[in-house]
Amino acid sequence: QVQLVESGGGLVQAGGSLRLSCAASGRTLGSYVMGWFRQAPGKEREFVAAIRWSGGSTYYAGSVKGRFTISRDNAKNTVNLQMNSLKPEDTAVYYCAADRSIAIVTPPKVYDYWGQGTQVTVSS
């Protein structure tokens, strides 16, 4: 089992920045892919970014590429999402997830473990 706890959400004006963190516990993550997803009211959960814990390769959704950066901290067992140039359409609940696959995949249903989510609200 892997436990995931997100933090860092909040309210920010358009153009601002937020940094989300996901603290993982319960198992070493050397063979996992860690992902960030988001879900806005009335919409399906969508992929945002992912990183392979081993090697550090990353992948981003087109809507956030160039604005968001995913990273990992091996010492703290955390995955971070730095979000810059935020837009009102980035408003959603953001979830951290872990997947035991070798390759980075984007469908939410593939991911095995999920955090409880953290709200990000971007005002115009």
Side-chain angles (χ1 to χ4, degrees):
Q1 287 284 347
V2 175
Q3 291 80 43
L4 304 171
V5 179
E6 302 97 335
S7 61
L11 173 65
V12 65
Q13 288 188 332
S17 299
L18 279 175
R19 183 178 177 85
L20 305 183
S21 291
C22 172
S25 62
R27 181 166 296 203
T28 57
L29 299 174
S31 60
Y32 281 71
V33 168
M34 303 299 296
W36 283 97
F37 292 79
R38 65 187 182 187
Q39 188 166 17
K43 295 188 177 182
E44 294 187 353
R45 191 167 299 188
E46 65 173 2
F47 172 83
V48 174
I51 185 169
R52 288 191 65 209
W53 198 270
S54 175
S57 57
T58 59
Y59 184 73
Y60 297 90
S63 59
V64 307
K65 196 171 185 179
R67 301 188 297 123
F68 292 10
T69 302
I70 189 171
S71 63
R72 72 197 191 296
D73 186 326
N74 291 340
K76 296 182 179 179
N77 226 34
T78 60
V79 176
N80 303 306
L81 185 68
Q82 178 66 41
M83 305 186 295
N84 298 329
S85 301
L86 283 162
K87 306 174 181 180
E89 51 263 44
D90 294 318
T91 295
V93 177
Y94 282 70
Y95 297 91
C96 176
D99 171 31
R100 290 172 288 186
S101 300
I102 295 175
I104 291 177
V105 292
T106 61
K109 64 181 180 181
V110 176
Y111 285 71
D112 303 293
Y113 304 101
W114 291 86
Q116 81 289 351
T118 184
Q119 178 70 46
V120 171
T121 303
V122 184
S123 63
S124 57

**Asked** Is a side-chain donor-acceptor pair under 3.5 Å present for Gln82 with Asn80?
**Response** no
**Request:** Might you point out which heavy atoms bring Leu86 and Leu18 nearest each other, and give the distance in Å?
**Result:** CD1-N, 3.8 Å
**Message:** Restricting to non-hydrogen atoms, name the atom on Val33 and the atom on Ala50 that form the minimum distance, rounded to 0.1 Å.
**Reply:** CG1-CB, 4.1 Å
**Request:** Would you check if the side chain of Arg52 reaches a backbone N or O of Ile102 as a donor-acceptor pair within less than 3.5 Å?
**Result:** yes
**Closest non-hydrogen atom pair, Glu6 against Gln116** = OE1-OE1, 2.9 Å
**Asked** Between atom CG of Leu11 and atom CD of Gln119, what is the distance when rounded to the nearest 0.5 Å?
**Response** 9.5 Å
**Message:** Could you measure the distance from the CG atom of Leu20 to the CZ atom of Phe68? Nearest 0.5 Å is fine.
**Reply:** 8.0 Å
Could you list the donor-acceptor pairs under 3.5 angstrom formed between side-chain atoms of residues 93-101 and any protein atom two or more places apart in sequence or on another chain?
residue	atom	partner	partner atom	Å
Tyr94	OH	Arg38	NH1	3.0
Tyr94	OH	Asp90	O	2.6
Asp99	OD1	Ser101	N	3.1
Asp99	OD1	Ser101	OG	3.0
Asp99	OD2	Ser101	OG	2.9
Arg100	NE	Asp112	OD2	3.2
Arg100	NH2	Asp112	OD1	3.2

**Prompt:** Atom CD of Glu89 and atom OG of Ser124: how far apart are they, to the nearest 0.5 Å?
**Reply:** 10.0 Å
**Prompt:** Which atom names give the shortest non-hydrogen contact between Arg19 and Ser71, and what distance separates them?
**Reply:** NH2-OG, 4.3 Å
**Request:** Would you check if the side chain of Thr78 reaches a backbone N or O of Ala23 as a donor-acceptor pair within less than 3.5 Å?
**Result:** no
**Request:** Would you name the heavy atoms of Ala24 and Leu4 that are closest together and state the gap between them?
**Result:** CB-CD2, 3.7 Å
**Message:** Distance check, rounded to the nearest 0.5 Å: Asp73 atom CG versus Cys22 atom SG?
**Reply:** 12.5 Å
**Message:** Could you work out, with side chain to side chain donor-acceptor pair (under 3.5 Å) as the rule, every residue matching Ser7, not counting sequence neighbours?
**Reply:** none
**Message:** Going by ring pair (Phe, Tyr, Trp, His ring centres under 6.0 Å), Tyr111 matches just one of Trp36, Phe47, Phe37, Tyr32. Which one?
**Reply:** Phe37
**Item:** Polar side-chain atom of Tyr59 near backbone of Val105 as donor-acceptor pair, under 3.5 Å
**Value:** no
**Asked** Mind checking whether Val79 and Leu81 have side chains closer than 4.5 Å, heavy atoms only?
**Response** no
**Prompt:** Would you say Trp114 and Ile70 are hydrophobically clustered, going by side-chain heavy atoms of ILVMFWY under 4.5 Å?
**Reply:** no
